[in-house]
Amino acid sequence: MALPRSMFKVLVALAQSDARVTQRQLSAATGLSLGAVNSALRDAEDAGFVEDGLLSIDGLTSLAPYEARNAVIMAAGLSSRLAPISYEKPKGLLRVRGEVLIERQIRQLQEAGVTDITVVVGYKKEYFFYLASKFGVRIKVNPHYATRNNSYTLWLVRDRLDNTYVCSSDDYFEKNPFEHYVYEAYYATQYVSGATDEWCVSTGPRGRIAEVSVGGSDAWAMLGHAYFDRAFSTAFVPILDAAVRKPGTEDMLWEDVFCDNVSELRMVARHYPGACIHEFDTLDQVSGFDPAFIENVDSRIFDNIVSVLGCDKSQIHSFYPLKQGLTNLSCHFSVGEGADEREYVYRHPGLGTEKMVDRAAEEAGLRLARDLGLDSTFIYEDQRQGWKISRFVRNARPLDPHDPAQLRRAMQMCRRLHGSAATLNRRFDFVEEGLGYERLLAERGPIEIPGYGELREKVLRLKGLAEQDGFSRCVSHNDFFHLNFLVDEQDEYSLIDWEYAGMSDEASDFGTFTVCCELSRAEAEGALRHYFGRTPTMRERRHFWSYVVFAGWCWYVWSLEKEAEGDNVGEWLLVYYRYAQDNVDRVLGWYEGGDGREVS
């Protein structure tokens, strides 16, 4: 039978006392009035829970259903908003005010008598393994941390959910919020004055959460940890299981599941005073809470910035992520204040990119682009480690390849690059790349796509003919399309992302641009005229159009391989195919017809 709330508070206070306590002391400890304490004590004595002012064995037994059995600390996420520190270590391992966040939280749980603790890890999981030997915690690995949200993290430990604290590794509690005995399921809330984008709660009788809205004003916001009692866990687990197994719920938070079923799941809002709970989403928030954090942070990224820009760590601020992917991670940051403030981009290499990208060739291409006036953003790249610092272009827009004036500018920049006498060590060829993807695809079994063999034969025949044109290799961007252009407010153009720069046929960048910008035939012909600054000869025209076929075919085969791996390339599979299929006969006709006439 459930204990009345007032009796529960009195029994817990007695359980935590080593000696007899007065009713006045019980009032102070429980927050109950003297009258309420007196009434609760009488009822407890009548039930045999209190004898001679002390908690009895039966009284201790009556508290057992309210005992916190364990805790789950979620530490699997990427923490991308805490860039760039999160590039080096998970957010829960930050040292704030002299303590590692997750270690402080584990100690606070253990001080409350909660020793059965499971830490669910994912991103940089190995960084957390030491906690098992240092604190005796369990480690559970979430293999899908990059594609699933925290509902999946909690689902992985659904068999552990009982009387359970559910925590995030990056919370900082100024005072220990954890207790050994907890009356009911709750979510920690803190009052926020003014507008907020936090999850704001409305409550019904006895503090039960009745409604949750994302964002609000002058409200109690869900902030910090939660506690599941056994009744909540019993009802929640099957609902969570159904939600996680449902397609299209990869981004769902466990809080989303709760909010969608709030009428079935009883949880109260537990109010915490002042600003005693801290969640850190950005580096500036950490610095605001711990002013010494930046100066004391152990970070090679900060050391790199200081070494290149000659600033102090304390001058670096305003970090926020720009790109989070498998190839690279990029974030914005500023140095200085007011009129002296300068904005930059820090590019951090993704795991394993040293095997994919020739950083020496990239750095050489970046320096060449800067010297040729093609990229005004580049400042420095470390060839060995792959990190890069660039100038941030505020309010930049991508190139519009369908605007004739912008198309002309892009082609003139392309010509300027190709006209350079510079050389790079890296080499790139569309057909060789496509054949490499084909070999990977063939390892999965025969390629039985209708028309594939016929298209392949035509592409290889065209390649042999185009090679005889005698066009030289030159430095090429090899990822030359509209999204890799930045156009600033002064209409200055910068060509960025030189990871794949290398020596290629002069027509390669035109092929990429035509396919990836989805130029019409007329637009592509106009681009050719802009590139040459005149009407191209038939030899030039057929050669450059052959590289539209090669680019389309290469990325078509790449798309087939990615789809075979389980990725969804979407409409691009068709786009790449059509640029190869729709142009190969026409261009072969220009070579094999001998008179320059088009073959429809």
Side-chain angles (χ1 to χ4, degrees), residues 327 356-375 377-378 381 383 388 398-399 401 407-437 459 462-463 466-467 469-486 493-517 519 524 527-533 536 539-555 558 576 579-580 587:
T327 305
M356 302 165 54
V357 179
D358 184 338
R359 296 298 185 188
E362 179 190 31
E363 194 273 342
L366 284 163
R367 282 189 284 106
L368 175 63
R370 181 177 59 193
D371 295 343
L372 292 175
L374 299 176
D375 182 6
T377 68
F378 174 61
E381 177 177 356
Q383 292 185 20
K388 181 179 71 169
L399 179 86
L407 179 62
R408 182 180 66 253
R409 288 276 294 273
M411 289 300 107
Q412 290 171 344
M413 291 174 69
C414 187
R415 184 70 173 186
R416 197 186 320 162
L417 172 64
H418 294 172
S420 166
T423 59
L424 297 175
N425 291 329
R426 188 178 190 272
R427 182 178 182 273
F428 181 88
D429 182 274
F430 277 126
V431 176
E432 290 177 8
E433 289 288 312
L435 291 173
Y437 298 132
V459 168
L462 180 60
K463 184 64 160 59
E467 289 289 336
D469 286 334
F471 280 79
S472 61
R473 290 186 176 273
C474 59
V475 173
S476 301
H477 185 271
N478 291 322
D479 201 14
F480 189 80
F481 76 120
H482 62 291
L483 294 181
N484 281 334
F485 284 83
L486 293 181
Y493 287 42
S494 286
L495 178 58
I496 62 171
D497 285 357
W498 291 76
E499 286 183 314
Y500 302 104
M503 304 302 293
S504 301
D505 188 284
E506 183 182 350
S508 291
D509 282 339
F510 171 77
T512 300
F513 195 89
T514 298
V515 173
C516 294
C517 296
L519 296 186
L528 270 181
R529 290 191 293 273
H530 294 317
Y531 178 82
F532 287 106
R539 171 178 166 273
E540 292 166 338
R541 187 167 171 239
R542 73 185 186 185
H543 186 80
F544 273 66
W545 270 101
S546 72
Y547 273 80
V548 173
V549 174
F550 302 150
W553 184 75
C554 174
W555 302 128
W558 171 84
Y576 298 142
Y579 272 92
V587 181

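Side chains are part of it too, since the values below use all heavy atoms of this structure and drop only hydrogens, waters and symmetry mates.
Here the straight-line distance linking atom CG of Leu417 with atom CD of Gln412 works out to 14.0 Å at 0.5 Å rounding. Atoms CG and OH, from Asn484 and Tyr500 in turn, are 10.0 Å apart once rounded to the nearest 0.5 Å. For the atom pair CG of Asp371 and OG of Ser420, the computed distance is 9.0 Å after rounding to the nearest 0.5 Å. Atom CH2 of Trp555 and atom OH of Tyr437 lie 4.5 Å apart (nearest 0.5 Å). Glu381 contributes atom CD, which lies 8.5 Å from atom CD of Glu499 (distance to the nearest 0.5 angstrom). Summarising the geometry, atom SG belonging to Cys516 is positioned 11.5 Å from atom CZ belonging to Phe480; distances are rounded to the nearest 0.5 Å.
Thr514 contributes no side-chain N or O that, together with a main-chain N or O of Gly511, makes up a donor-acceptor pair within less than 3.5 Å. Between the side chain of Asp497 and the backbone N or O of Asp479 there is no donor-acceptor pair closer than 3.5 Å.
Residues Met411 and Ala527 come closest through the heavy atom pair CG-O, 3.3 Å. A pairwise comparison of heavy atoms in Tyr579 and Gly552 identifies CB-CA, 4.5 Å as the closest pair. Shown here for Gln383 and Ala360, the closest heavy-atom pair between the two residues is OE1-CB, 3.4 Å. For Asp429 against Val431, the heavy-atom pair with the smallest separation is OD1-N, 3.1 Å. For the residue pair Leu424 and Gly365, the shortest heavy atom distance occurs at CD2-N, 4.0 Å. Here the closest non-hydrogen pair linking Asn478 and Gly502 is ND2-N, 3.4 Å.
Here Cys474 pairs with His418, Ser476, Glu506 under the side-chain contact (heavy atoms from CB on, under 4.5 Å) rule; sequence neighbours left out. Under the side-chain contact (heavy atoms from CB on, under 4.5 Å) criterion, Leu483 pairs with Pro398, Phe481, not counting sequence neighbours. Applying the side-chain contact (heavy atoms from CB on, under 4.5 Å) test to Ala466 and every residue at least two apart in sequence or in another chain returns Asp469, His543, Ser546, Phe550, Tyr591.
The side-chain heavy atoms of Trp553 and Leu435, taken from C-beta on, include a pair separated by under 4.5 Å. Annotation: side chain of Tyr547 is not in contact with side chain of Phe510 (no heavy-atom distance under 4.5 Å). Looking only at side-chain heavy atoms (C-beta outward), Trp545 and Leu528 come within less than 4.5 Å of each other. Side-chain contact between Thr512 and His477 is absent, with no heavy atoms from C-beta onward closer than 4.5 Å. Counting heavy atoms from C-beta outward, Phe485 and Met413 have side chains that approach closer than 4.5 Å. Between Arg416 and Leu374, the closest side-chain pair of non-hydrogen atoms falls below 4.5 Å. Between Cys414 and Tyr531, the closest side-chain pair of non-hydrogen atoms falls below 4.5 Å. Taking 4.5 Å as the limit, some side-chain heavy atom of Leu519 sits within range of a side-chain heavy atom of Pro401.
Judged by the 6.0 Å and 45° rule, Arg370 forms no cation-pi pair with Phe378. Geometric assessment of Arg473 against the ring of Phe428 yields a negative cation-pi assignment under the 6.0 Å and 45° thresholds.
Between Glu467 and Lys463 there is a salt bridge, with a side-chain nitrogen of the basic residue lying less than 4.0 Å from a carboxylate oxygen of the acidic one.
For Phe544 and Phe532, the ring centers sit closer than 6.0 Å to each other.
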